[in-house]
2 protein chains.
Amino acid sequence: MSQSDTVQRILDAAEVLFAQKGFAETSLRAITSRAGVNLAAVNYHFGSKEALIQAVFERYLTPFCQALDGKLQELEGQGAADLEKLFGVASRLALGSHGDEPRRAMIFFRLSGQAYSQPQDHLRAYLREHYGAVFRRFLALLRTAVPEVPPMELFLRVHFSLGAVIFTLSGMESLQTISKKDFNTDITAARITQQLLPFVVGGIRG
Amino acid sequence: MSQSDTVQRILDAAEVLFAQKGFAETSLRAITSRAGVNLAAVNYHFGSKEALIQAVFERYLTPFCQALDGKLQELEGQGAADLEKLFGVASRLALGSHGDEPRRAMIFFRLSGQAYSQPQDHLRAYLREHYGAVFRRFLALLRTAVPEVPPMELFLRVHFSLGAVIFTLSGMESLQTISKKDFNTDITAARITQQLLPFVVGGIRG
DNA sequence: CGCGGGGGCAAACGTATGTTTCAAACGTTT
DNA sequence: AAACGTTTGAAACATACGTTTGCCCCCGCG
């Protein structure tokens with residue numbers, strides 16, 4: 001067939017492994033081995049490891065950003081929206097817009113964390129170029145939701161929130177481990193993300 | 001001399017390079033070259049690259065945690081402290097307890113971000129084992145500061161805050177770059193960290 | 001039927017890495 | 001001054017990596 005499922009198999013494997021072990025620590029051999037395809041397939045279909053990394057992000061981010069953009073345009077039409085609504089929409093979309101379980105979302109947030117903390121400059125530039133518009137649209141809506149917060153401070157606080165979210169969802173398993181050891185409580189991922197919302201809202205308000 | 005400054009030179013170089021490029025992406029050759037020492041010196045003095053990574057963290061974290069622990073014990077004696085005071089103390093100590101400029105602190109937060117997002121399991125275990133006690137002491141004090149927040153939620157929100165802080169200070173330069181491009185404003189690192197405090201306090205209160 | 005090309009495969013290539021080796025240089029002690 | 005343990009030095013080692021190379025198969029078109 002013209003476009004085999006080899007591409008998808010590679011992307012699936014790469015997504016999980018990159019999230020588990022990081023970009024540099026994941027070899028193409030580990031990816032192709034998990035995907036059950038030949039080593040050369042990566043360079044054949046994607047050109048390079050760097051391009052594969054970008055492709056992994058693109059496959060996840062494009063549908064999400066399109067969905068978010070649509071929702072945001074809706075909200076723009078309806079006039080002012082409050083903080084809870086805005087973050088609620090983004091959160092529901094991020095966790096559920098992919099049909100499959102939110103496990104996928106968690107994997108992706110781990111990827112984002114790595115993209116941010118490691119200096120994958122090419123990736124940062126790529127993300128900024130392709131998805132910066134949606135981010136700015138979101139920021140503009142936020143501004144109308146909390147006009148009492150100066151734009152510059154709002155901008156910073158949104159980044160703080162992004163940090164809390166990415167960091168939390170990146171280290172979800174270790175968070176669950178610790179909470180079990182220190183509090184004798186099993187806590188679901190859903191509950192953690194649910195707690196994230198009031199924290200973010202409270203932080204943005206200051 | 002019995003313990004030469006080679007060890008310190010290596011630690012200095014490793015600290016900066018690890019923060020700049022990540023652990024896996026930084027070769028021992030890059031480190032020893034920057035330090036002006038022989039390649040074999042790392043394995044001679046530290047045993048392995050992994051041990052070097054731990055040593056970098058230890059050199060920074062041990063003085064900080066000792067200082068923090070002392071301050072916290074003081075506060076315990078003085079009865080209840082409020083949120084602003086607790087986070088203020090921790091923040092001042094983290095940014096200034098090392099004599100030298102807060103640049104050092106920023107470097108270290110970048111390191112922390114990488115330690116968290118990459119699955120350096122050995123590092124996570126090491127940090128937990130050596131510095132978990134201080135963290136628990138801090139958490140206990142927080143509990144008395146906001147008794148209205150259930151312990152479990154407080155625990156989560158502290159982690160959210162940690163995420164915001166680490167994420168922010170990790171990506172400080174890119175944050176400054178963006179703010180300059182989008183807001184035409186130069187923003188100092190000090191101002192960003194200063195904005196971090198009300199965000200964290202607001203988030204913890206919910 | 002032939003044959004042309006897209007995709008898959010094993011193998012090899014060049015390079016960069018962490019680590020080891022062993023001899024030379026150094027400083028301290030006797 | 002001689003002997004010793006500690007530290008440095010240049011070089012080599014084994015390995016793992018990303019990438020490239022040819023050769024094979026197989027399907028669709030002439």
Side-chain angles (χ1 to χ4, degrees), chain A residues 1-59 111 114-115 118-123 125-126, chain B residues 1-59 111 114-115 118-123 125-126:
Chain A
M1 52 191 85
S2 134
Q3 63 170 16
S4 86
D5 67 338
T6 298
V7 170
Q8 297 302 324
R9 306 255 301 276
I10 291 176
L11 286 173
D12 288 340
E15 190 174 85
V16 173
L17 290 179
F18 281 152
Q20 262 177 19
K21 317 191 52 160
F23 301 115
E25 293 86 347
T26 301
S27 68
L28 292 186
R29 284 168 175 84
I31 294 172
T32 54
S33 162
R34 181 189 175 103
V37 304
N38 188 271
L39 167 63
V42 170
N43 281 278
Y44 178 78
H45 287 287
F46 297 93
S48 69
K49 184 181 185 180
E50 213 173 70
L52 171 61
I53 296 177
Q54 286 189 12
V56 167
F57 274 84
E58 188 176 0
R59 184 176 65 149
L111 285 182
Q114 306 210 354
Q118 291 178 230
Q120 296 271 7
D121 297 328
H122 70 101
L123 227 183
Y126 172 84
Chain B
M1 55 190 87
S2 132
Q3 62 170 17
S4 86
D5 67 339
T6 298
V7 169
Q8 297 302 323
R9 306 256 299 278
I10 292 175
L11 286 173
D12 287 340
E15 189 174 88
V16 174
L17 290 179
F18 281 151
Q20 261 178 17
K21 318 191 53 161
F23 300 116
E25 292 86 347
T26 301
S27 67
L28 292 186
R29 284 169 175 82
I31 294 172
T32 54
S33 162
R34 182 191 175 101
V37 305
N38 189 272
L39 167 62
V42 170
N43 282 279
Y44 177 77
H45 286 287
F46 296 94
S48 70
K49 186 181 185 181
E50 214 174 69
L52 170 63
I53 296 177
Q54 286 189 11
V56 168
F57 273 84
E58 186 175 2
R59 183 174 67 148
L111 285 182
Q114 306 210 354
Q118 291 177 230
Q120 296 271 5
D121 297 328
H122 70 99
L123 227 182
Y126 171 85

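Note on naming: letters A, B, ... go to the chains in the order of the sequence lines (proteins, then strands), and numbering restarts at 1 for each one.
The side chain to side chain contact (heavy atoms under 4.5 Å, CB included) test applied to A:Ser33 returns no partner, not counting sequence neighbours.
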### Task
Show the numbers, then the answer: is there a side-chain contact (heavy atoms from CB on, under 4.5 Å) between A:Val42 and A:Arg29?
CA-CA 10 Å; A:Val42 170; A:Arg29 284 168 175 84; over 6 Å; no

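Counting to the nearest Å, the C1' atom of C:dA16 and the NZ atom of B:Lys21 are 13 Å from each other. B:Phe46 has its CZ atom 15 Å from the C1' atom of C:dG18, to the nearest Å. Going from atom CD1 of B:Ile10 over to atom C1' of D:dT7 covers 11 Å, rounded to whole Å. With rounding to whole Å, A:Ile53 atom CD1 is found 15 Å from D:dC17 atom P.
Applying the 4.0 Å criterion to OP1 and OP2 of D:dC17, one finds that A:Ser27 has a side-chain N or O inside that range. Residue B:Thr6 places no side-chain N or O under 4.0 Å from the OP1 or OP2 atom of D:dT7.
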Nucleotide N/O to protein N/O under 3.5 Å, stretch nucleotides 19-21 of chain D:
{"residue": "D:dT19", "atom": "OP2", "partner": "A:Asn43", "partner atom": "OD1", "Å": "3.2"}
{"residue": "D:dT19", "atom": "OP2", "partner": "A:Lys49", "partner atom": "N", "Å": "3.0"}
{"residue": "D:dT19", "atom": "O5'", "partner": "A:Asn43", "partner atom": "OD1", "Å": "3.4"}

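Comparing C:dG8, C:dG18, D:dT8 by their nearest atom to the side chain of B:His45 picks out D:dT8.
A:Asn43 is listed as a side-chain neighbour of A:Leu28, based on a closest heavy-atom distance under 4.5 Å. Between B:Leu11 and B:Phe46 the shortest side-chain heavy-atom distance falls below 4.5 Å.
Shown here for A:Arg34 and A:Ala13, the closest heavy-atom pair between the two residues is CD-CB, 3.7 Å. Heavy atoms only, all atoms of each residue included: A:Lys49 and A:Phe18 are closest at CE-CE2, 4.2 Å.
The residue B:Thr26 sits close only to the backbone: its heavy atoms come under 4.0 Å of sugar-phosphate atoms, none of a base.
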